[in-house]
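Below: the structure, in structure tokens.
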Amino acid sequence: IAHFIATGGMSAELFVLITLVVAWRAEKWQPMPALEWRDFGYAPEFMYLISAMLIGLAAWLYITAEIELRRHGHGTLGSMAISDGGFGFTRHPQYFSIPLLLVGIGILTDSRWVFIMVVVNFMYCHSVLIPLEEAWLEETHPELFAEHIKTGPSLECPESVSSETS
């Protein structure tokens with residue numbers, strides 16, 4: 001499973017699609033009232049601008065990561081040394097772009113279910129996908145992985161980060 005994920009077997013596009021389908025089905029099953037941004041003191045136009053910015057940032061992170069991975073070879077030894085584009089921000093720009101994209105979509109659709117799925121998605125990425133991917137990389141290429149973890153911050157839970165530094 002870790003090799004499947006680490007070599008691109010579960011695409012981020014599929015992951016986002018599954019998340020949105022689950023949120024859509026949950027909305028049909030258990031409707032929730034739409035979010036009213038004015039109730040929070042924000043004009044809807046302002047929130048749509050924030051949404052566009054989040055979706056744009058998510059697209060930039062994802063696209064630059066894909067460009068760099070294709071240039072260096074996805075799932076190869078060269079892909080562990082990338083520090084350009086989205087990889088300059090985090091070691092996992094695709095996983096970081098997913099919640100940003102979903103929050104942007106949640107704002108646009110005023111769907112509480114999308115926001116719930118953001119939390120589920122974030123927890124899954126950081127407690128399952130990232131540890132599996134990094135464990136596989138560490139097992140298969142320990143010297144390069146040690147260098148790789150220095151290239152940028154990860155987006156793991158605080159316990160994992162504290163164990164890395166000790």
Side-chain angles (χ1 to χ4, degrees), residues 1-27 29 51 53-107 111-166:
I1 291 174
H3 177 69
F4 175 75
I5 293 168
T7 56
M10 174 70 149
S11 71
E13 298 93 349
L14 179 62
F15 200 56
V16 169
L17 181 63
I18 291 169
T19 301
L20 290 174
V21 167
V22 168
W24 174 71
R25 291 305 304 160
E27 191 74 45
W29 168 70
S51 173
M53 291 169 51
L54 289 171
I55 291 171
L57 178 59
W60 176 81
L61 281 170
Y62 186 82
I63 290 168
T64 60
E66 285 299 315
I67 290 169
E68 291 301 318
L69 283 172
R70 288 170 195 225
R71 188 163 41 142
H72 294 281
H74 191 298
T76 66
L77 298 180
S79 68
M80 284 196 281
I82 303 172
S83 60
D84 299 327
F87 287 99
F89 182 65
T90 175
R91 289 196 313 264
H92 305 285
Q94 297 98 326
Y95 298 144
F96 187 65
S97 68
I98 293 170
L100 291 176
L101 176 66
L102 292 175
V103 168
I105 291 171
I107 291 171
S111 172
R112 294 174 192 235
W113 278 109
V114 173
F115 286 106
I116 291 169
M117 291 308 297
V118 167
V119 174
V120 171
N121 188 296
F122 188 80
M123 291 172 54
Y124 180 70
C125 279
H126 299 283
S127 61
V128 177
L129 292 179
I130 290 173
L132 278 175
E133 183 176 313
E134 290 195 345
W136 178 80
L137 290 170
E138 186 174 26
E139 180 182 310
T140 56
H141 311 292
E143 302 84 21
L144 287 171
F145 180 73
E147 216 34 56
H148 172 66
I149 60 174
K150 296 176 188 173
T151 61
S154 181
L155 295 173
E156 295 177 315
C157 299
E159 312 80 69
S160 301
V161 173
S162 64
S163 67
E164 275 185 14
T165 57
S166 51

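Only heavy atoms go into these numbers, but all of them, side chains included; no hydrogens, no water, no symmetry mates.
Here the OH-CG distance, from Tyr95 to Asn121, works out to 10.5 Å after rounding to the nearest 0.5 Å.
In this structure, the side-chain contact (heavy atoms from CB on, under 4.5 Å) partners of Ile67, at least two apart in sequence or on a different chain, are Ile63. For Leu100, the side-chain contact (heavy atoms from CB on, under 4.5 Å) criterion is met by Leu54, Leu57, Ala58, Leu61, Phe96, not counting sequence neighbours. With sequence neighbours excluded, the residues satisfying side-chain contact (heavy atoms from CB on, under 4.5 Å) with Val21 are Leu17, Arg25. Take Val120 and apply the side-chain contact (heavy atoms from CB on, under 4.5 Å) test, not counting sequence neighbours, and it matches Met117. Shown here are the side-chain hydrogen bond (donor to acceptor under 3.5 Å, both in side chains) partners of Ser111, two or more places apart in sequence or in another chain: Glu27.
Between Cys125 and Pro131 the shortest heavy-atom distance is O-CD, 4.1 Å. For the residue pair Ile55 and Ile105, the shortest heavy atom distance occurs at CD1-N, 4.2 Å. Considering every non-hydrogen atom in both Phe122 and Pro99, the closest pair reads CD1-CG, 3.8 Å.
The side-chain heavy atoms of His126 and His92, taken from C-beta on, include no pair separated by under 4.5 Å.
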